[in-house]
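The structure under discussion appears below in the form of structure tokens.
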Amino acid sequence: MSDSIAPKTNPGNFFEDFRLGHEIRHATPRTVTTGDVALYNGLFGARFAVQASDAFAAKIGYPRSPLDDLLVFHMVFGKTVPDISLNAVANLGYADCRFLKPVYPGDTLNSVSEVIGLKENSNKKTGIVYVRSRGFNQNGEAVLDYVRWVMVRKRDEAAPAPGEKVPELPKSVEVAKLGLACPPIDAAAYDTVLAGSPRRFGDYKTGEKIDHVDGITVEEAEHMIATRLYQNTARIHFNQFAESKGRFGRRLIYGGHAISLARSLTFNGFGNAFHVAAINGGRHVAPLFAGLTVFAWSEVLERAELPDRKDVGALRLRTVATKDRPCADFPHRSGDDYDPAVILDLDYWVLMPR
Amino acid sequence: MSDSIAPKTNPGNFFEDFRLGHEIRHATPRTVTTGDVALYNGLFGARFAVQASDAFAAKIGYPRSPLDDLLVFHMVFGKTVPDISLNAVANLGYADCRFLKPVYPGDTLNSVSEVIGLKENSNKKTGIVYVRSRGFNQNGEAVLDYVRWVMVRKRDEAAPAPGEKVPELPKSVEVAKLGLACPPIDAAAYDTVLAGSPRRFGDYKTGEKIDHVDGITVEEAEHMIATRLYQNTARIHFNQFAESKGRFGRRLIYGGHAISLARSLTFNGFGNAFHVAAINGGRHVAPLFAGLTVFAWSEVLERAELPDRKDVGALRLRTVATKDRPCADFPHRSGDDYDPAVILDLDYWVLMPR
Amino acid sequence: MSDSIAPKTNPGNFFEDFRLGHEIRHATPRTVTTGDVALYNGLFGARFAVQASDAFAAKIGYPRSPLDDLLVFHMVFGKTVPDISLNAVANLGYADCRFLKPVYPGDTLNSVSEVIGLKENSNKKTGIVYVRSRGFNQNGEAVLDYVRWVMVRKRDEAAPAPGEKVPELPKSVEVAKLGLACPPIDAAAYDTVLAGSPRRFGDYKTGEKIDHVDGITVEEAEHMIATRLYQNTARIHFNQFAESKGRFGRRLIYGGHAISLARSLTFNGFGNAFHVAAINGGRHVAPLFAGLTVFAWSEVLERAELPDRKDVGALRLRTVATKDRPCADFPHRSGDDYDPAVILDLDYWVLMPR
């Protein structure tokens, strides 16, 4: 193998390659289309009326149906993988994730990340990288902003740590920062019969728990099609030959797939929670594999009116997803010990019409 | 579990919840796009030229390619599931199904059903619900109208029957009612070479049987993607965890999936039958599961000229689909005893250029 | 079975049905859409920026993102199957394949083939048919032109050979014929950071070999969805019931699926090779089945400047794909003996910005 070969394929960044303050412009820009929307619908069965019907969206004040928020998230996230997490051991968390502008079919998305924290682990083999990633549309307007941190391998254990800083992150996104991606809507024109649920913002209360009842089994073809659609290149999702010899013996499903499945399940209980305004934090508690069935339940952690807005209110939800375990009794955790069936513990803000 | 929880998820309607004359507006309105069309093509391999090519459609008189009729059917049908058949034991039949207006990418569909019949079963545990369901576009124009009847569980066996009426339904749709969804076409401009079959309306005769030769194996990912695309929420199609303990031990495939597969197979024999004008009746004789291969054959039951139309003629077809059984010898039934391989017995009208 | 039945389903052409010079117009014309593009992306994970982003494409001189070249190839190829290769024993080769014009979403493609060669095999049971197939858009402009040859069964072994001629075919497409489907681009406006690779035409040299590192496992649902999307009707890809009794015991994956997977893998190494200008030849060395993982490596066979063009240069590549076998040591062949893991040996021209 000649020396000129190695650098032409992307080896990804290792822990010592990152620098505090370093800004990374990611490939590949991507025009999102109604084709992507159809495939997303086929994979997750989304039923929120605002995203499903141009006519419904137009009636309440959108120019047309915006993209599902999580589809935007996955598209922006996918681009960061080749630069940030190709050598990741684990995706540790998300914080301060805010949707800033609606995205419509025809828009082109690209992503930029800034390294905002670094911390070598005591074993010197790995370190934690904190990045703030932002998605932009073709006009350079930010549509999404979030922090994630991942544990990344070092190429060379003897290499010095490239810096040390652990950023302070909000435990949840402030209410005043919610709603930028939701235009003023005409809540009276919002037809709850067509939307599939009679319950508006005022009908939920803090502490309420809802079992979403339904379960969705995942197939290998499905999660690979989804993950490729986002141009997410993390190898562990696609290569059974390599994974058959790996830790799990099989392909690991992209964590975002579980988030989208859980979001889809929440329709049965929060049918008018049409917009994910922010993700406060999320933990992929356990891996998900093809053949398993995902269930979910949610708890209303907080209710908030948005400053200067009478059209929509915000619910802060915890949604917990499980595998092969119905959620009628709300399986969660005691202390740090999660129920063994739990795969996802997500804390996020949704908007509902008032 | 607090009392406020149960009503927030959709338990579906039980037999005693229905009332004669009750009109139900269904969620979720849905803008259909070229993305949906692409996915439908990828799943079923449709090859009818009018639906495949804008240029072909425009040449004969359509503004552009209309949606595949069955895609419209599935989209309209899917919306009715959460209200009509979430507690169904069995989907018993269809009748008087008429396509009334072409649907184009960009149109938004919604569905409304009226309860037109109710009949409690003698066991008092279930009853039959007859509904007339209609699909509308964004302008409020009806695009599809059909009756189906389903056997629905009672929540409470002691509840009185909510009414009793068995509607009279036509055994087949009258010829005079066919063709509303087909604009006048220029039959001379219809290029049979491009369309893939030299045979026009005049080349078929009553009683003729055609084996469609090809077989298509179904995968779990495929039927779930399709059924979610239609926002059909019937649980039996998606939840392997629950179904593994159920009657079949596995996920049941949406009956409409078999109809679309059968329609796709009929291209090899009826390549110019570009429009399904009506469905007279259909019976899902046996369940279909992933891993099985679907075959089909058809018989021309009737030939009819449409009043005042010289451009197209109608063929009434019986299409019978089987699983893991080629159809060279036209497997069907003797009396009520179907060949054990038969899964579908469909009676419908197609239009062909004259 | 009545006599009138057989001719209504397509039995395909047998060797003795072909005539030298015969021109065949194929069904079904097909409008390609952003829906097809999304599905193609979901199936193959394409990441070339020109095809992914309308904004990127517009910046360098395209009106918008063109379709992936191989998606065009598959669409044009698929149409030829019912007429050319329904009774094929083997797809023997491709030559002189040139992309002539970019294809955009909304264009309608159709295909025409001319029989340019025939040669009966000595066993009199089969013969080789050479066809030049061309794809056209809705304006009648040729977008693709290629030759393929297939071994086709005879219906009747006693039938005389329909002619004998073996066409002369170029071993590779002349450099002067490359680039017609690539408009003049502004190479300075081509942003290599956004595109995901810093390397332009000048950074590659003849003889260089690159292992593309990644592997992609194929699922039954994926290859069937793709192959149906192209309206390719070859039975061996879809019918497990029949194939379970066949030579391999299972469905064979369309050879073009392996080509698209390999092309997708080459992004990691040739991230700016945004356009396949020509395919010089290709050999499906061994069959591919679901469950196997595809890897690939490439060698730069030749570098060429295009006459009168300073914007792009051409690399002639050999890309070799394998199944369940990483390619760090560039597995290929010694003489005619291929490494048993090799499934594809493809020789083609790509364009890169200078």
Side-chain angles (χ1 to χ4, degrees), chain A residues 33-49 52-57 64-65 105 191-197 199 203-205 207-217 219-222 225 264 267-271 291-293 295 323-326 328-330, chain B residues 1-2 4-11 24-40 42-43 78-79 82-83 105-111 137-139 219-222 224-235 237-244 250-251 290:
Chain A
T33 69
T34 55
D36 298 312
V37 170
L39 201 38
Y40 192 83
N41 286 340
L43 290 165
F44 298 106
R47 287 186 287 146
F48 295 98
S53 163
D54 284 340
F56 191 98
R64 64 184 291 194
S65 285
D191 182 334
T192 56
V193 173
L194 268 188
S197 164
R199 290 172 186 87
D203 297 316
Y204 293 86
K205 55 185 184 214
E208 194 171 323
K209 291 181 180 178
I210 296 179
D211 169 23
H212 302 303
V213 181
D214 306 308
I216 312 178
T217 306
E219 300 295 324
E220 298 281 12
E222 293 171 352
I225 289 174
S264 176
F267 182 87
N268 197 356
F270 295 95
L292 298 170
T293 301
F295 295 86
K323 52 186 176 191
D324 277 3
R325 164 104 162 64
D329 61 344
F330 312 120
Chain B
M1 198 188 299
S2 83
S4 65
I5 292 165
K8 283 188 176 150
T9 56
N10 176 22
I24 303 169
R25 290 170 61 223
H26 306 292
T28 303
R30 174 81 152 77
T31 302
V32 290
T33 69
T34 53
D36 297 313
V37 170
L39 202 38
Y40 192 82
L43 291 164
K79 298 179 197 326
D83 298 311
D107 284 354
T108 297
L109 299 177
N110 72 294
S111 305
N137 66 18
Q138 67 281 4
N139 302 318
E219 300 294 323
E220 298 282 14
E222 293 171 352
M224 293 200 299
I225 288 173
T227 310
R228 280 188 296 244
L229 190 71
Y230 320 138
Q231 300 175 309
N232 178 330
T233 60
R235 289 159 183 167
H237 309 315
F238 301 110
N239 184 335
Q240 181 58 35
F241 180 80
E243 297 313 317
S244 68
R250 50 197 308 200
R251 283 160 278 177

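Lettering follows sequence order; numbering is per chain, from 1.
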Under 4.5 Å from a heavy atom of chain B, the part of [X] involved:
X      : result
A/D191 : side chain
A/A195 : backbone
A/A46  : backbone
A/V193 : both
A/F295 : side chain
A/F48  : backbone

Rounded to the nearest 0.5 Å, how far apart are [atom1] of [X] and [atom2] of [Y]?
X      : Y      : atom1 : atom2 : result
B/F241 : A/R325 : CZ    : CZ    : 9.0 Å
A/H212 : B/T9   : NE2   : OG1   : 9.0 Å
A/F267 : B/N10  : CZ    : CG    : 9.0 Å

Kindly say whether [Y] contributes a backbone atom to a donor-acceptor pair with the side chain of [X] at under 3.5 angstrom?
X      : Y      : result
B/N110 : A/L194 : no
B/T28  : A/R47  : yes
A/S53  : B/R30  : no
A/T217 : B/F238 : yes
B/K8   : A/D203 : yes

Legend entry - Which of A/G269, A/P326, A/G291 touches chain B most, by non-hydrogen pairs under 4.5 Å: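 Most heavy-atom pairs within the cutoff with chain B belong to A/G269.
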Inset, instruction - For each of A/G42, A/G45, A/G207, A/G35, tally heavy-atom pairs with chain B at distances under 4.5 Å, and name the one with the top tally. - result: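 If we count pairs closer than 4.5 Å to chain B, A/G42 comes out on top.
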Legend entry - Verdict with supporting geometry, B/E220 and A/E220, side chain to side chain contact (heavy atoms under 4.5 Å, CB included): CA-CA 10 Å; B/E220 298 282 14; A/E220 298 281 12; over 6 Å; no
Legend entry - Max heavy-atom pair count under 4.5 Å with chain A, selected residue of B/Q240, B/H237, B/R25: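 Max contact count across the listed options: B/R25.
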Inset, instruction - Considering only heavy atoms and a distance below 4.5 Å, find which of B/T31, B/L39, B/T227, B/L43 pairs most often with chain A. - result: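 Most heavy-atom pairs under 4.5 Å with chain A: B/T31.
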Legend entry - Residue list, side-chain hydrogen bond (donor to acceptor under 3.5 Å, both in side chains) with B/Q138, at least two apart or on another chain: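 With sequence neighbours excluded, B/Q138 shows a side-chain hydrogen bond (donor to acceptor under 3.5 Å, both in side chains) to B/D107, given in chain and number order.
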Legend entry - Under the side-chain hydrogen bond (donor to acceptor under 3.5 Å, both in side chains) test, residues paired with B/N232 that sit two or more places apart: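 Listed in chain order: nothing, the list is empty.
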Inset, instruction - Below 4.5 Å from any heavy atom of chain A, which atoms of B/R235 appear? Answer side chain, backbone, both or neither. - result: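 The side chain, not the backbone.
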Legend entry - 4.5 Å side-chain heavy-atom contact, B/E222 and A/E222: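 With C-beta onward as the side chain, the pair stays apart.
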Inset, instruction - Show the numbers, then the answer: is there a side chain to side chain contact (heavy atoms under 4.5 Å, CB included) between B/T34 and A/T34? - result: CA-CA 7 Å; B/T34 53; A/T34 55; 4.0 Å; yes
